[in-house]
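Inspection log for the structure reproduced underneath, given as structure tokens.
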Amino acid sequence: MEASVLLDAHVQLKRIYTVLNECLDLTRQLADAVDRRDEVAIQLLVSMREEPVGRLRRANTALEYQQDALDPEPGRRLGELLKGGEPKDESEAPLAKQVSMNARLLQQVYELDKAVNLKLNREKSIYHSK
């Protein structure tokens, strides 16, 4: 796969990582506000999380467009890497590492969000049925 393709995807993945860190920070603040039962802070923080979530969607869409614009074989390979596939050579290693870092960070955001959501909404939580 061309180096420029790998670089473009890596740039998007770094953007995603930055936004995931922002989401994690806001979710931690939300968890603290829930523990304090600070309704104003809770509403503000829930609202503040909407903007980074939108940036995540845009970055993921950009990755999808990039993958779709490639010839079939490089597009398939990029898709494999973006889903956590092992790098075939050292040129793919930085991208694979970033995918792995993003996945770990996303899992942290998910777990914290789940805990906060269950605490706030109890049986009405989106996570309750899972």
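Looking at heavy atoms from C-beta onward, K119 lies in side-chain contact with D35 at the 4.5 angstrom threshold. Two residues are said to be in side-chain contact when any heavy atoms from C-beta on lie closer than 4.5 Å; I16 and L105 fail this criterion. Contact of the R77 side chain with the P74 side chain is not registered, since no non-hydrogen atoms from C-beta on lie closer than 4.5 Å. Contact of the E111 side chain with the Q108 side chain is not registered, since no non-hydrogen atoms from C-beta on lie closer than 4.5 Å. Looking at D32 and D38, their side chains never come closer than 4.5 Å, going by heavy atoms from C-beta outward. Residues L13 and L63 are in side-chain contact: their nearest non-hydrogen atoms beyond the backbone lie under 4.5 Å apart. Two residues are said to be in side-chain contact when any heavy atoms from C-beta on lie closer than 4.5 Å; R15 and R55 fail this criterion.
The heavy-atom pair separating L6 from S91 by the smallest distance is CD1-O, 3.3 Å. When all heavy atoms are compared, the tightest approach of Q98 to Y17 is NE2-CB, 3.4 Å. Heavy atoms only, all atoms of each residue included: E22 and E51 are closest at OE2-OE1, 4.0 Å. Scanning all heavy atoms of the two residues, the minimum distance from G79 to Q67 falls at CA-NE2, 3.2 Å. Of all heavy-atom pairs between E90 and P94, the closest is O-CD, 3.4 Å. Considering all non-hydrogen atoms of both residues, L112 and A31 come closest at CD1-CB, 4.2 Å.
The CZ atom of R28 sits 13.0 Å away from atom CG of D113, with the distance rounded to the nearest 0.5 Å. Taken from CG in L30 to CG in L24, the straight-line distance is 11.5 Å, to the nearest 0.5 Å. Separation of atoms CE (M48) and SG (C23) is listed at 11.0 Å; rounding is to 0.5 Å. Considering CG of L7 and NE2 of H10, their distance stands at 8.5 Å, rounded to 0.5 Å. Once rounded to the nearest 0.5 Å, the distance linking CD of E92 with CG of L81 reads 4.5 Å.
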Worksheet entry | Stepwise side chain to side chain donor-acceptor pair (under 3.5 Å) test for T61 and R57 | CA-CA 6 Å; T61 299; R57 285 187 186 121; over 6 Å; no
Fill in: Q12 vs D8, side chain to side chain donor-acceptor pair (under 3.5 Å): CA-CA, chis, key distance, verdict
CA-CA 7 Å; Q12 287 300 330; D8 289 347; over 6 Å; no
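Side chain of N60 to main chain of L56: a donor-acceptor pair is present (N/O by atom type, distance under 3.5 Å, no hydrogens or angles).
For R37, the CZ atom sits in a loose shell: 12 or fewer heavy atoms of surrounding residues, nucleotides or ligands are nearer than 6.0 Å.
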